[in-house]
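Inspection log for the structure reproduced underneath, given as structure tokens.
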There are 2 protein chains.
Amino acid sequence: MKSYRQSLVLELVDQEPITSQEQLRERLKGRGIDVTQATLSRDIRDLGLVKRASDGAYRRPGVEEAAGDPLPVLRRAVAEILRGIEAVQTLVVLRTDPGQAQPLAIAIDRARLADVAGTISGDDTILVICRGEREAQTFRRQIEEWVRT
Amino acid sequence: MKSYRQSLVLELVDQEPITSQEQLRERLKGRGIDVTQATLSRDIRDLGLVKRASDGAYRRPGVEEAAGDPLPVLRRAVAEILRGIEAVQTLVVLRTDPGQAQPLAIAIDRARLADVAGTISGDDTILVICRGEREAQTFRRQIEEWVRT
DNA sequence: CACAATCCTGAATATTTATGAAATCCTATC
DNA sequence: GATAGGATTTCATAAATATTCAGGATTGTG
């Protein structure tokens, strides 16, 4: 019983956001398993599940969430907060308004562009490490394009 | 106030197991910060901390038990949260899941590897500055090795 | 079978966390 | 300084979770 129930718990937790033990209880009932919240509290401890404060959902540790399409977010971010751009060999330096570098850098990271190996950012400057000099130019041109649009 | 307090929360949570918001409240009071539990509930959500059911301790997602030898910690961190690695000249760019770069960078720093001069990290990217191109390759290979194991 | 030891569970309850509403604190502007 | 608007915090309370205790099951042993 117990181990079957626990494997079902993992399955449920993986396929939809479960944010409370009561909710989990209902889902299990739907599958013909009826237990109390106390039991689920113990199951969750046994399974080592984790409750993320950001959305309150139970998760197996280490499994991350995928969000919506990051490209539009990036385009908006560029249009809104980019103030300057410059390529130096394989690096591209972006300037923003004070305090805006971090959000823009995150947008770039999440867009997972082919030219970009990664970014590091300070307060109003972002360093974009590109995969080569050619890629740095391509990236700069792409961004400049977005600024104009 | 808020951002200072939140950085203190991260610090406290990293250095000892905090299992309730009241406990966190006491620790903060010990550092001269006096707030209510309600505020901490919101801070914890803002910071995206996670409460592990296995021991009830709050953690930054992805960070594993900080203890003794830093190498095993690093290996585990690599296995768990590394998503990509790439060397560009003397630099190595590591990619992680969103928001996970910081903890992995800390693990690298603490391991004090011979090839590594230092690290800088953003949201999901870490820039590792190696002591030379040869060392960058060695470091990359070492990490890749760990990913496979 | 009888017994003990152990595991699992539910009920009741204690503890912990989240939240709505009001109060307070900041910051910018006149 | 006075004031508006927003952010942040507290207070009070609701909601969610953990735990204690006791009652079956189940298993192993003589």
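Lettering of chains follows the sequences in order, A, B, ..., and the numbering in each one begins at 1. Source: prediction; values computed, not measured. Side chains are part of it too, since the values below use all heavy atoms of this structure and drop only hydrogens, waters and symmetry mates.
OP1 and OP2 of C:dT16 both lie 4.0 Å or more from every side-chain N or O belonging to B:Tyr58. Contact between the side-chain N/O atoms of B:Arg5 and the OP1/OP2 oxygens of D:dT9 is found at a separation under 4.0 Å. Checking the phosphate oxygens (OP1, OP2) of D:dT10, a side-chain nitrogen or oxygen of B:Thr39 falls inside 4.0 Å. Here B:Ser41 reaches the OP1 or OP2 of C:dA18: one of its side-chain N or O atoms lies under 4.0 Å away.
With hydrogens and angles disregarded, a donor-acceptor distance shorter than 3.5 Å links the side chain of B:Arg95 to the backbone of A:Ala117. Put simply, the side chain of B:Gln23 gets close to the backbone of B:Pro17: a donor and an acceptor are under 3.5 Å apart.
Across every non-hydrogen atom of A:Arg5 and A:Leu28, the tightest pair is CG-CD1, 4.3 Å.
Minimum atom distance to the side chain of B:Ser20 is reached by C:dT16, of the listed D:dT17, C:dG10, C:dT16. The B:Val35 side chain lies nearest to D:dT10 when the options are D:dT17, D:dT10, C:dT9. Taking every side-chain heavy atom of A:Lys51 into account, D:dA16 is the closest of C:dA11, D:dA16, C:dT17.
The CD1 atom of B:Ile33 sits 16 Å away from the C1' atom of D:dT10 (whole-angstrom rounding). Note: CG (A:Asp34) to P (C:dG10) measures 8 Å, nearest angstrom.
On a pure distance criterion of 3.5 Å, no polar donor-acceptor pair joins the side chain of A:Gln37 and the base of D:dA16. Taking only distance into account, the side chain of A:Arg42 meets the base of D:dT20 through a donor-acceptor pair shorter than 3.5 Å.
Counting heavy atoms from C-beta on, the side chains of B:Arg31 and B:Leu12 come closer than 4.5 Å.
With the nearest nucleotide of DNA chain D identified for both A:Leu40 and B:Ala38, B:Ala38 has the one nearer the 5' end.
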